[in-house]
Each structure stands twice: as C-alpha cells, then as structure tokens.
Amino acid sequence: MRWRNSSAHYGLISIVLHWLVAVAVFGLFALGFWMVGLDYYSSWYRAAPDIHKSIGIILFTVMLLRVFWRFLSPGPVALASHGPLTRLATKAGHGVLYLGLFGVMISGYLISTADGRPISVFGWFAVPALITGIPSQEDIAGLVHEYLAWALVILAGLHALAALKHHFIDHDATLKRMFGRADG
Ligand code: HEM
C-alpha cells in the first residue's frame, strides 16, 4: 500500500490517521461520560481527567498533522457512482466532523486552563494556559464541550452508518478504500 493518497485510493498515512482519530474520539467520549459521574473518593477521580486531557492534547496534535497532510496529499476523488447529492453530503459531513473535532478540543482546553493552570500530558510536558480571562470561562466552555461532544459522536455514528450503507447496500468501494483495499 502506498503511503500517499492518490486520485483513486487513500494512502497509509490518511488511513492510519482516520482510524486512530476514530478510536480516540469514541474512547474519549466514553471516558469523559464515565469520569463525570465518579465519586470524589474513587481512585480514578483525579487520574481519569488527567488521562482524558492528555489524550485530548495528543489528539489535537494528530489532527493538526491530519489537516496538514490533507493539504499535502489530497484524498481520492468521489466514486463515479456517487451522485451530486451524495458528494455534497459527504463533503459537508467531513467538514462538520473536522470543525466539531476542533471545537470539542478547544473548548476542553479552555475548561482545563480557565484557572491559569497548565495541562500536563502524562507528566511528559505541559501545555500552558494561554487564555484565562473570559468571564465564566470554565462554565461556558464546559457547556460547549458537553454539547459539542454529543453532537460529534452522533454525527460520527451517522457517518459510520453511511459508510456501512455504502458497503452493504450499495456494494460500492467507499468503506474498502478506508481500509486500503487495492481494488477499492
Ligand atoms: C469519531 C469517529 C470518526 C471521525 C471523526 C471520522 C472522520 C472522517 C473524515 C473527516 C473523513 C474524510 C477523509 C479524511 O479527511 O480523512 C472520513 C472518511 C471516511 N470515514 Fe470516517 N470518521 C470516523 C469514524 C468512522 C467509522 C466508525 C467508519 C466506518 C464504519 C468511517 C468510515 C469512513 C469512510 C469509509 C471514509 C471515506 C469516505 C469517502 O471516501 O468518501 N469513519 N472520516
């Protein structure tokens, strides 16, 4: 498999980045949902948010790389069998997924750094608090983070369903391409 995208195929780099981000998004959502219900006396009370934030920062870096790579090596063109409406829905859906991802990560950063404390990434390095003065920053960013996270997983779920529909009902190569199948 080639590592760059071509006009007909996704290359290894885009495929690995896509599935890494997919696993991270669903994993972070599950972790976030579980950790907000933790009792103060739970041994995970501090560790779970630390892990959530650390993976979130790493995901942000991975997403920057992904956007950079998208410019450097554009993805394949739409399949010939996809009509104008499908092409439009695909483009819009992918665009909103990108925007949603950055929205969730930026709002998460604004919650964690509202009190001026940096975010420690697994104790390896710290990301400084750059924006701290917004009134009710933690509360507003918290609401935005929660609603956007829900919107993102629902949209990602619909996106996955659309991919499965292309595979099992339309029998086209949409999903196979994202697994690097040469005939896709
Ligand atoms: C949070 C989870 C997910 C996110 C954020 C996401 C995001 C994206 C984005 C932005 C693209 C556009 C291509 C690119 O820029 O790399 C894409 C393509 C694709 N995704 Fe996902 N995805 C997720 C999960 C899934 C899942 C679970 C499936 C399958 C069951 C899937 C199947 C596909 C397929 C088949 C394509 C290629 C579509 C095409 O070539 O037109 N994705 N995804």
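We count residues from 1, following the sequence as given. Values below: every heavy atom of this structure, side chains too, minus hydrogens, waters and symmetry copies. All ligand and atom numbering here is 1-based and tracks the order in the structure.
- Ring orientation note: the planes of F122 and W124 are tilted relative to one another, at an angle of 30° to 60°.
- Taking the six-membered ring for Trp and the full ring otherwise, H166 and H82 have centroids separated by under 6.0 Å.
- Atom CH2 of W34 has more than 12 neighbouring heavy atoms from other residues, nucleotides or ligands inside a 6.0 Å radius.
- Between W19 and F179, the angle of the ring planes stays under 30°, which puts this pair in the parallel group of the 30/60° scheme.
- Remark: the R2 side chain and the H9 side chain contain an N/O donor-acceptor pair separated by less than 3.5 Å.
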N/O pairs closer than 3.5 Å, ligand 1 and protein:
residue	atom	partner	partner atom	Å
ligand 1	15 (O)	R70	NE	3.0
ligand 1	15 (O)	Y98	OH	2.5
ligand 1	16 (O)	R66	NH2	2.9
ligand 1	20 (N)	H18	NE2	2.8
ligand 1	20 (N)	H159	NE2	2.7
ligand 1	22 (N)	H18	NE2	2.9
ligand 1	22 (N)	H159	NE2	2.9
ligand 1	40 (O)	Y10	OH	3.1
ligand 1	40 (O)	R177	NH2	3.4
ligand 1	42 (N)	H18	NE2	2.9
ligand 1	42 (N)	H159	NE2	2.8
ligand 1	43 (N)	H18	NE2	2.8
ligand 1	43 (N)	H159	NE2	2.8

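- Residues passing the salt bridge (charged side-chain N to carboxylate O under 4.0 Å, His left out) test with K91: none are found, sequence neighbours excluded.
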